[in-house]
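As the structure lists them, so they are numbered: ligands from 1, and atoms in each ligand from 1. What you see is a predicted model, and the numbers here were worked out from it, not measured in a lab. The analysis underlying the following values was restricted to heavy atoms, covering all of them including side chains, and did not include hydrogens, waters or symmetry mates.
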Amino acid sequence: MDSEFSDGEGFGIEVILSGAKDEKAPCCPHGPALLFEKLCRGEQQGRRFYACSACRDRKDCSFFQWEDEKVSQARLLAREKENQSKQPPFSHQEYCSRFREFVSLPLDQRRFCQECQLLLHPKEWSEHATHRALSDDITVARLRRPSLLLCPLENKKSNAQYLFADRSCHFLLDLLASLGFNKVLCVGTPRLHELIKIRNQETGREVLTSLLLDIDFRYAQFYSEEEFCHYNMFNHHFFNRERAEAVFNAFLHEEGHEKVVLVTDPPFGGLVKPLAHSFSQVSDTWKTLQSPGSGSQEMPMVWIFPYFFESRILECFPSFSMLDYQVDYDNHPLYKHGKTGRKQSPVRLFTNLCPLNIVLPGDEGYRLCSICERYVSSGNRHCPICNACTSKDGRAWRHCTQCNKCVKPSWLHCPVCDHCALPDHPCGRGPTGCFTCSSLRHKRRACPHSNKRRENRGQAAGRRPGANLSKQPASRVKGKKGKPPSHASKARKVT
Ligand SMILES: C[S@@+](CC[C@H](N)C(=O)[O-])C[C@H]1O[C@@H](n2cnc3c(N)ncnc32)[C@H](O)[C@@H]1O
Ligand SMILES: [Zn+2]
Ligand SMILES: [Zn+2]
Ligand SMILES: [Zn+2]
Ligand SMILES: [Zn+2]
Ligand SMILES: [Zn+2]
Ligand SMILES: [Zn+2]
């Protein structure tokens with residue numbers, strides 16, 4: 001099925017990305033909006049509109065504007081005012097001086113408002129008198145673990161703040177250190193950033209340095225401007241542009257033996273192509289800061305994402321490979337190791353680092369496949385016909401001679417559909433073919449009948465069937481003519 005389209009109901013949405021920054025893009029509180037195109041089956045020309053890059057749900061950000069819409073001066077002003085009102089209550093510098101003051105307070109005067117998620121000063125207590133507050137033992141040690149103090153923003157349709165379990169976080173950190181990296185650009189990985197700083201504290205020397213880029217500005221309360229930038233990874237937008245970009249560039253610059261790596265764990269519903277576009281921009285900046293003749297092609301990156309996005313990530317980054325390591329989370333009901341959660345997390349590492357160098361923990365059952373030259377999970381068997389360790393989900397897959405590939409153990413070969421599927425699959429529906437002309441031979445992107453094939457096709461970002469505006473797993477997008485498509489989303493079923 002063509003990943004660029006929603007649906008089955010004659011309606012699809014695609015995100016349009018160009019190589020250069022879209023200077024015309026209007027801004028919502030989350031920075032420049034993304035340009036989408038709404039397409040109806042059989043129509044060659046869709047209608048384009050701008051919508052929020054960061055939020056999947058219009059309840060979180062209702063920004064919407066048709067591309068060709070004339071916006072009055074009054075509306076522009078109102079929008080500007082609204083955007084301002086949604087910015088953090090303090091500047092980063094103010095947060096830093098508040099923090100310094102806070103740690104100079106005696107323990108019994110330290111309070112954290114749980115409703116405002118704010119470290120309070122005694123003079124502010126009265127304003128928060130009716131709010132729930134934490135007041136016992138806000139020690140320096142606790143302030144070093146903001147991810148435990150702050151309440152995770154679990155809203156699936158925007159932040160999806162799922163925090164690494166210790167096991168996975170320590171594994172990542174050990175791995176990066178063993179590979180010789182000493183600078184980690186943490187994009188949406190606050191817990192990894194926190195652990196790096198704690199380790200430095202414990203060892204008494206800066207083994208690794210870290211810069212956190214995250215949209216969750218609550219972290220500005222705990223970190224200096226050199227340690228945290230308020231950032232949107234769907235449009236590569238720094239909120240405090242000049243200052244943050246200077247910090248970012250300085251961090252990417254490698255002096256002497258320094259080696260920098262990007263580690264990112266975006267919200268799982270996030271559209272792959274805008275994310276890849278942002279990470280490519282990070283890599284491009286890194287390249288421009290390399291000393292001449294260093295010969296590096298792409299910045300070293302580790303992108304943490306569910307395995308079912310493999311083909312889409314590889315389409316954007318052909319040099320990447322997916323590793324078998326299963327990433328676990330503390331506060332995710334499904335992706336948690338242990339009794340209550342799903343044992344097998346679907347979240348994996350995608351990387352342009354050499355898989356053979358990434359030694360996965362033997363005590364968790366991972367072992368080296370010398371033919372594939374990578375570490376694989378215990379259930380992953382080397383298929384002699386595919387000549388690869390083919391399992392993606394950790395279970396032993398079996399080879400289907402009719403499909404000529406390995407498939408999930410729960411799938412059976414269906415003679416009607418002529419491919420393997422779950423026993424209760426919607427049988428006989430077959431592939432949907434080209435969205436524009438219905439041909440089964442090609443997808444819309446290659447349609448010879450389309451008179452407006454995209455210039456930036458390589459960049460045009462896709463939407464899964466039924467996906468929402470900026471995030472992808474199965475949800476229905478419907479919209480009446482002339483009306484903005486509505487937002488909704490539903491978790492992907494893993495079989
Ligand atoms: C799945 S969580 C990853 C957290 C990571 N597992 C950890 O423990 O450090 C996603 C992270 O991305 C951040 N995030 C969500 N949307 C973002 C955006 N548009 N731009 C930047 N960061 C974003 C969230 O605040 C959260 O920290
Ligand atoms: Zn927005
Ligand atoms: Zn409060
Ligand atoms: Zn193998
Ligand atoms: Zn096979
Ligand atoms: Zn089959
Ligand atoms: Zn069938």
Next item on the list: Rounded to the nearest 10 degrees, what's the angle SG of C386 makes with SG of C406 at the Zn ion (ligand 5)? Could you check?
Entry: 120°

Checklist line | Angular separation of SG (C113) and ND1 (H128) seen from the Zn ion (ligand 3), to 10° | finding: 120°

Notebook entry, point to check: Does one side chain, of Q65 or R75, offer a donor that lies under 3.5 Å from an acceptor on the other?
Noted result: no

Margin query: Within the 3.5 Å criterion, strictly below it, is a donor on Y329 or D265 matched to an acceptor on the partner's side chain?
Written below: yes

Next item on the list: Measure from the Zn ion (ligand 2) to every N/O/S atom of H30 and report the name of the nearest one.
Entry: ND1

Note to self: Has R398 got a side-chain atom pairing as donor or acceptor with W411's backbone, closer than 3.5 angstrom?
What the structure shows: yes

Note to self: Between E194 (side chain only) and S147 (backbone N and O only), is there a donor and an acceptor less than 3.5 Å apart?
What the structure shows: yes

Checklist line | Side-chain heavy-atom pair L275, M233 within 4.5 angstrom cut-off | finding: yes

Notebook entry, point to check: Between H230 and D214, is a side chain to side chain contact (heavy atoms under 4.5 Å, CB included) present by the stated rule, with each step listed?
Noted result: CA-CA 5 Å; H230 188 200; D214 203 291; over 6 Å; no

Next item on the list: Please state whether the separation between the Zn ion (ligand 5) and some N/O/S atom of C400 is under 2.8 Å?
Entry: no

Notebook entry, point to check: Near the Zn ion (ligand 2), is there an N/O/S atom from C28 that is less than 2.8 Å away?
Noted result: yes

Item checked: Shortest-distance N, O or S atom of H131 relative to the Zn ion (ligand 3) -> ND1

Next item on the list: Taking the Zn ion (ligand 5) as the reference point, name the nearest N/O/S atom of H399.
Entry: ND1

